[in-house]
Amino acid sequence: MTSTLDQLRRLSPILEPGQAGFEAYLNDRSVWTEPAAPLAVALPESTAQVSAVVAWCAEHGLPVIPRGAGSGVSGGATARAGSVVVSVERMDQILEIDQAKRQVRVQPGLINADLRRVVEPMGLFYPPDPASLAESSIGGNIATNAGGLFCLKYGVTRDYVISLEVVIGTGEVLRLRREVSKDVMGYDLASLVVGSEGTLGIVTEATLRLIPLPSDPVATVMGRFDAMEPVGRAIEGLFQAGLDPIALEFVDPIFMDAVARYNQTAPTAALDGPADPDSSVGPDGSDGPGRAGAVRTSVLIAQIAMTWPLDDPANQGRKTETVFRQAGARTVEWSASEAEADRLMADRRLCFTALSAEGPTVSEDVSVPRTELGRLLVAIERVADRHGLVIGTMGHAGDGNLHPCIPIPPGPDGDARAQAAFEDIMRQAILLGGSVTGEHGVGLLKAEAMRQALGPTQMALHRAIKAAFDPAGILNPGKMLA
Ligand SMILES: Cc1cc2nc3c(=O)[nH]c(=O)nc-3n(C[C@H](O)[C@H](O)[C@H](O)COP(=O)(O)OP(=O)(O)OC[C@H]3O[C@@H](n4cnc5c(N)ncnc54)[C@H](O)[C@@H]3O)c2cc1C
């Protein structure tokens with residue numbers, strides 16, 4: 001054992017079992033995943049060190065667990081026994097910013113928000129904005145093809161990857177795609193790596209596209225709805241009316257109340273509806289989330305920006321208001337100021353953090369065609385009733401991507417009930433023509449659901465692709481491919 005660790009130590013800085021900080025690398029933020037002790041955690045500081053560690057693992061048949069910032073929620077970075085966790089957190093530099101080309105070359109451990117902070121004063125913008133942007137890494141974002149609030153307008157991480165440097169399962173270093181806008185030379189291997197959750201290679205460098213910093217949103221319109229069907233109608237209506245919001249987010253009363261408790265304030269004034277006496281009891285008869293003081297209306301928040309053709313933004317705001325009202329909104333309000341709109345979006349980003357601060361909570365992440373969103377919301381309510389659970393739902397309504405979140409109830413069967421609901425929601429999404437994950441990834445938690453949804457032929461193709469990148473099968477084994 002000692003000589004094995006000595007060999008590894010010669011290739012890269014490492015942390016060994018028992019050393020301070022070691023435990024922090026065993027899991028991500030998922031529930032229901034059980035990490036087992038890895039042999040060591042490698043903390044490489046260069047592509048050469050990543051390559052050497054992976055080649056050494058391939059030679060010794062040791063599993064490699066690629067790791068960014070560990071903010072994943074599906075068990076993608078969960079360690080397994082005898083593996084080597086390869087955390088790229090020390091490779092966190094911006095290597096080059098090219099303003100003329102509007103692109104940036106970065107190392108994978110760079111935190112998303114730090115990239116934005118550096119390029120924004122130059123009038124440039126990196127749009128992919130997971131709610132975890134202050135803590136998640138660019139490498140992790142690429143490996144999960146992370147999305148976020150403004151992906152409705154600007155697209156997801158894949159849309160901003162120009163080229164990648166990747167260490168594949170043999171330890172070889174590949175540069176995937178050229179730094180050109182147009183390139184149809186061969187299969188698009190870079191796109192395969194995006195969203196591959198560390199199963200095809202470790203991203204050691206990325207060249208990313210930037211766009212001119214957009215103007216701030218000029219109107220934020222909020223509709224409050226008493227039921228889920230009108231929410232679905234409003235979402236469809238917005239797009240039918242030709243509107244082009246940059247973000248269209250949904251928050252249900254359970255989350256609004258949780259955020260208010262987290263902030264220790266009253267629910268955001270602009271969203272504050274009259275308390276409903278029925279809200280004193282949650283759907284399962286408990287006094288958990290959904291208890292006294294809860295606002296019983298759901299909220300759709302649409303942010304409007306200047307778009308082409310240049311329409312008066314106020315006019316677009318008024319059109320949005322009309323659509324919300326015609327769909328059956330109880331009330332429609334405009335944010336009184338930009339600061340208030342920013343606070344609303346910040347509260348939206350806080351949703352999961354606020355609910356999970358109250359107890360173990362599992363976040364679902366399903367997506368359906370936008371036109372099916374109303375039906376999905378109704379189906380989630382039925383799932384909650386069927387399993388006697390509280391389920392808070394929020395998400396990217398404009399993308400048809402929702403995050404129903406299940407606080408795990410206390411008691412011996414709490415996990416089993418929550419897990420049954422988790423799977424039930426994935427089944428509902430598939431029935432509506434959707435996917436079991438829109439942006440959080442498959443990891444360990446959804447590998448079986450993906451296998452069932454894709455069927456044997458597509459799974460065989462996935463395995464063949466993995467074998468081509470990773471012949472020894474050492475890269476994140478057991479993740480994504482059940
Ligand atoms: C509060 C909260 C809010 C969130 N909101 C969103 C959201 O809005 N949108 C969204 O998409 N996700 C969201 N997430 C999930 C998570 O933050 C994203 O999946 C993020 O992209 C993970 O990045 P990370 O650096 O933490 O990666 P990790 O958790 O460390 O790893 C994630 C996966 O990527 C692999 N990986 C990591 N780095 C590399 C690399 N360099 N090369 C190859 N593989 C690698 C890992 O093996 C693992 O499979 C949220 C999570 C939390 C806790």
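All residue numbers in this chain count up from 1 along the given sequence. In listed order, ligands and their atoms are each counted from 1. Computed from a prediction, not measured in an experiment: that's the story for all the values here.
Counting heavy atoms only, S71 comes closest to atom 52 (C) of ligand 1 of the residues S71, G198, S136. Considering only non-hydrogen atoms, atom 7 (C) of ligand 1 lies nearest to A131 out of A131, A354, A206.
Between G70 and ligand 1 there is a heavy-atom distance shorter than 4.0 Å. Heavy-atom distances between G201 and ligand 1 reach below 4.0 Å in at least one pair.
Closest to atom 14 (N) of ligand 1 among all protein heavy atoms lies S132 OG, 3.7 Å. When hydrogens are left out, the protein atom nearest atom 11 (O) of ligand 1 is G147 N, 3.1 Å; that is the closest non-hydrogen contact. When only non-hydrogen protein atoms are considered, atom 27 (O) of ligand 1 lies nearest to G140 CA, 3.6 Å. Among protein heavy atoms, the minimum distance from atom 42 (N) of ligand 1 is reached at V203 N, 2.9 Å. Ranking the protein heavy atoms by distance from atom 37 (C) of ligand 1 puts G68 N, 3.4 Å first. Protein heavy atom at the shortest distance from atom 24 (P) of ligand 1 is A69 N, 3.5 Å. Given atom 36 (N) of ligand 1, the protein heavy atom at minimum distance is A143 CB, 3.5 Å. Ranking protein heavy atoms by distance to atom 20 (C) of ligand 1, first place goes to N141 ND2, 3.6 Å.
Ring pair H440/H403 is parallel by interplanar angle, where below 30° counts as parallel and above 60° as perpendicular.
In terms of polar-atom proximity, defined here as any N/O pair under 3.5 Å, G72 does make such a contact with ligand 1. Taking distance alone, with nitrogen or oxygen atoms compared against 3.5 Å, E135 stays at or beyond that limit from ligand 1.
Remark: R343 does not engage D347 in a salt bridge, criterion side-chain N to carboxylate O under 4.0 Å. Ion pairing of R348 with E249 is present here, as a side-chain N (NZ or NE/NH1/NH2) and a carboxylate O approach within less than 4.0 Å. Salt bridge annotation for E135-R29: present, with a cationic side-chain nitrogen under 4.0 angstrom from a carboxylate oxygen.
Rounding to the nearest 0.5 Å gives a distance of 12.0 Å between CD of Q107 and CD1 of I138.
Near N476, meaning under 4.0 Å from any of its heavy atoms, are these atoms of ligand 1: 47 (O), 49 (O). Atoms of ligand 1 lying under 4.0 Å from any heavy atom of T144, numbered from 1 in the order shown and given with element: 19 (O), 20 (C), 21 (O), 32 (C), 33 (C). Ligand-side atoms of ligand 1 in range of R29: 53 (C), range being under 4.0 angstrom from any heavy atom. Close contacts of ligand 1 with A146, meaning ligand atoms under 4.0 Å from a residue heavy atom, involve 11 (O), 21 (O). Under a 4.0 Å criterion applied to the non-hydrogen atoms of T353, ligand 1 contributes the atoms 1 (C). Atoms of ligand 1 found under 4.0 Å from any heavy atom of H440 (numbered from 1 in listed order, with element): 6 (C), 10 (C), 12 (N), 13 (C), 14 (N). Residue contact check: G76 has heavy atoms under 4.0 Å from atoms 47 (O), 48 (C), 49 (O) of ligand 1. Set against the non-hydrogen atoms of I202, the atoms of ligand 1 under 4.0 Å away are 42 (N), 43 (C).
Under the side chain to side chain donor-acceptor pair (under 3.5 Å) rule, N141 has a single partner from S136, S71, S132, which is S136. The only member of L124, I97, L208, V119 that meets side chain to side chain contact (heavy atoms under 4.5 Å, CB included) when paired with R102 is L124. The side chain to side chain donor-acceptor pair (under 3.5 Å) with R177 is formed by just one residue from the set D188, D183, T207; it is D188.
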Between Q452 and E448, does a side-chain hydrogen bond (donor to acceptor under 3.5 Å, both in side chains) hold up when you go through it step by step? CA-CA 6 Å; Q452 287 180 22; E448 179 54 27; 3.0 Å; yes
Stepwise, does the side chain to side chain contact (heavy atoms under 4.5 Å, CB included) test hold for D28 with T78? CA-CA 6 Å; D28 59 11; T78 304; 4.0 Å; yes
Starting from the C-alpha separation in whole Å, work towards a yes-or-no answer on side-chain hydrogen bond (donor to acceptor under 3.5 Å, both in side chains) for S137 and R67. CA-CA 9 Å; S137 72; R67 183 181 177 90; over 6 Å; no
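Across A418 and I408, no two heavy atoms sit closer than the pair CB-CG1, 4.1 Å.
With a 6.0 Å cutoff to the six-membered ring centre and a 45° limit on the axis angle, R209 counts as a cation-pi contact of Y160.
Remark: the backbone N or O of E165 is paired with a side-chain donor or acceptor of T204 at under 3.5 angstrom.
With a heavy-atom cut-off of 4.0 Å, P108 touches ligand 1 through its side chain alone. Contact annotation: for V88 versus ligand 1, heavy atoms closer than 4.0 Å belong to the side chain alone.
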